[in-house]
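First the structure, in the form of structure tokens, and then the observations on it.
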Amino acid sequence: MSLSVKVQEADFDPAELQRSLLAGGQAEGAVVTFTGYVRASNEQRTIERMELEHYPGMTENSILAILQQAAERWGVLAASVVHRVGVLRTGDQIVWVGVAAAHREAAFSACEFTMDYLKTRAPFWKKEVGPQGDHWVEHRAQDTERAQRWGRSSE
Amino acid sequence: MSLSVKVQEADFDPAELQRSLLAGGQAEGAVVTFTGYVRASNEQRTIERMELEHYPGMTENSILAILQQAAERWGVLAASVVHRVGVLRTGDQIVWVGVAAAHREAAFSACEFTMDYLKTRAPFWKKEVGPQGDHWVEHRAQDTERAQRWGRSSE
Amino acid sequence: MIKVLFFARIREELDCRQLDLPWGNDLVDLDALSGRLCREHGEHWEKVLGQQNIIRAVNQKVVTGNTALADGDEVAFFPPVTGG
Amino acid sequence: MIKVLFFARIREELDCRQLDLPWGNDLVDLDALSGRLCREHGEHWEKVLGQQNIIRAVNQKVVTGNTALADGDEVAFFPPVTGG
């Protein structure tokens, strides 16, 4: 089982990440990936750029803990997260999550679980900068609700 | 909204497919992709190669109908399916489904819905060839149950 | 004329990919078509086409139960699908 | 020594990224630490650190409620996370 977490300012290539995910073997039947992009607007506010801050050390460890939980729960064969920090612009890639498993059910569940927990537990903070000035993005109650679907075992 | 379906013998490049999916605009916040691969074994049978047959015409139309349902139900911005037919070997890519949406909830649901319906409604048939001879893959009851999660509106 | 197609395991079991049947009164619906195929081809076809989980499509749409046919229709018989 | 870190909106509101406090009896737990920061820095800090949804972490683990501290610990205050 191969788990990988990277927090970086540089952009990433989803194709290369998917190839790395599969580098370990040929047992995989299914790969599910998620790529998040900076939208042009959020709740009617125009976004010129996004500034992403994180808590170095804690970020990597908390994401790895999430991946370990997902791997144990669904028998994942490989999983990888890349999350960017720093200044990002509209259309830029922010985050990539890839999960390889023998069957699609496991791959879909583990990928969505990981995204839900990235949104609720990993110490990242987004600030939007636009014509109306700076705006720290508020945490969405909906994200906490979605994360709670997966049960208390994930706390 | 851009929907695309291709059934082909040729291999495909997930990176290029993801780029095409996003070619329409910058409104997308989330892309979820599924890639299916030929496994080395299935229910203890060793697989040397896979032969994929389909019903030309009906295949493309039924997948497009599935994508249209997904697009209406989740407000998908773009969706694309590529499914291979002919002779495939262990580790080969079989199918790719990509969905772009403003938010991840819609992208995950539409992608998983599309895969569930590909497994239960699109007229493809897999034959495994291995040391024990030929074997038509049996439909999994589990796949029908998963597809039924999405409700009768999808019939 | 009715075009009749067989796919996958059904195609192999019947050793037949396609039949073109001239339109006639014995093809008014799917059950009549199945009946004629079984009468013409005998017991083996009756067994194969009588399998419980066989799927029937008319003009590339899956149908459940008996369905009226018209001259020019395309009918297909196939096993449960296994793509994806 | 206790290393205290502030992130995102909290960091901006306090205009402070990091404080290093010499270890002492007034730092035995998180509530004692918060109390000392508010006494030293006044009403504005009291308001910011008293916000209901503020998250506290000790040695890079989120904690709920009061938690004992030891010399060498790392404490962080931050708002609800918004990554992904």
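Protein chains get the first letters and strands the later ones, always in sequence-line order, with residue 1 at the start of each.
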Is any residue of [range] within less than 4.5 Å of chain A by heavy atoms, and which ones?
range                     : answer
residues 63-84 of chain D : D:E74, D:A76, D:F78, D:P79, D:P80, D:V81, D:T82, D:G83, D:G84
residues 3-12 of chain D  : D:L5, D:F7, D:A8, D:R9, D:R11, D:E12
residues 20-58 of chain D : D:A57

Given A:R73 and A:F113, is the side-chain contact (heavy atoms from CB on, under 4.5 Å) satisfied, shown in steps?
CA-CA 10 Å; A:R73 185 158 172 180; A:F113 169 89; 4.0 Å; yes

Using every non-hydrogen atom in the two residues, find where [X] and [Y] come nearest and quote the distance to one decimal.
X      : Y      : answer
A:A101 : A:A107 : CB-N, 3.9 Å
A:S62  : A:A122 : OG-CA, 3.8 Å
A:Q132 : A:R45  : NE2-CA, 4.2 Å
A:L77  : A:A102 : CD1-N, 3.7 Å

Top contributor to chain D interface from [options] [non-hydrogen pairs under 4.5 Å]:
options                      : value
A:L118, A:V137, A:V95        : A:V137
A:M58, A:M115, A:K127, A:H54 : A:M58
A:E138, A:E51, A:R140, A:H83 : A:H83

Please report the interatomic distance CG(A:D116) to CD1(A:I66), rounded to the nearest 0.5 Å.
10.0 Å

Once rounded to the nearest 0.5 Å, what's the spacing between atom OH of A:Y117 and atom CG of A:L67?
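Separation between the atoms: 13.5 Å.
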
Between [X] (side chain) and [Y] (backbone), is there a donor-acceptor pair under 3.5 Å?
X     : Y     : result
A:T90 : A:I47 : yes
A:Q93 : A:F12 : yes
A:E60 : A:G57 : yes

Contacts of A:A15 meeting side chain to side chain contact (heavy atoms under 4.5 Å, CB included) (sequence neighbours excluded), chain-then-number -> A:D13, A:R19, B:A15

Stepwise side-chain contact (heavy atoms from CB on, under 4.5 Å) check, A:E53 with A:V85:
CA-CA 6 Å; A:E53 180 172 339; A:V85 291; over 6 Å; no

Kindly determine whether A:W96 and A:K6 satisfy side-chain contact (heavy atoms from CB on, under 4.5 Å), including the steps that lead there.
CA-CA 10 Å; A:W96 188 86; A:K6 277 185 200 140; over 6 Å; no

Show your reasoning for whether side-chain contact (heavy atoms from CB on, under 4.5 Å) applies to A:D92 and A:R84.
CA-CA 10 Å; A:D92 279 358; A:R84 292 177 70 191; 4.1 Å; yes

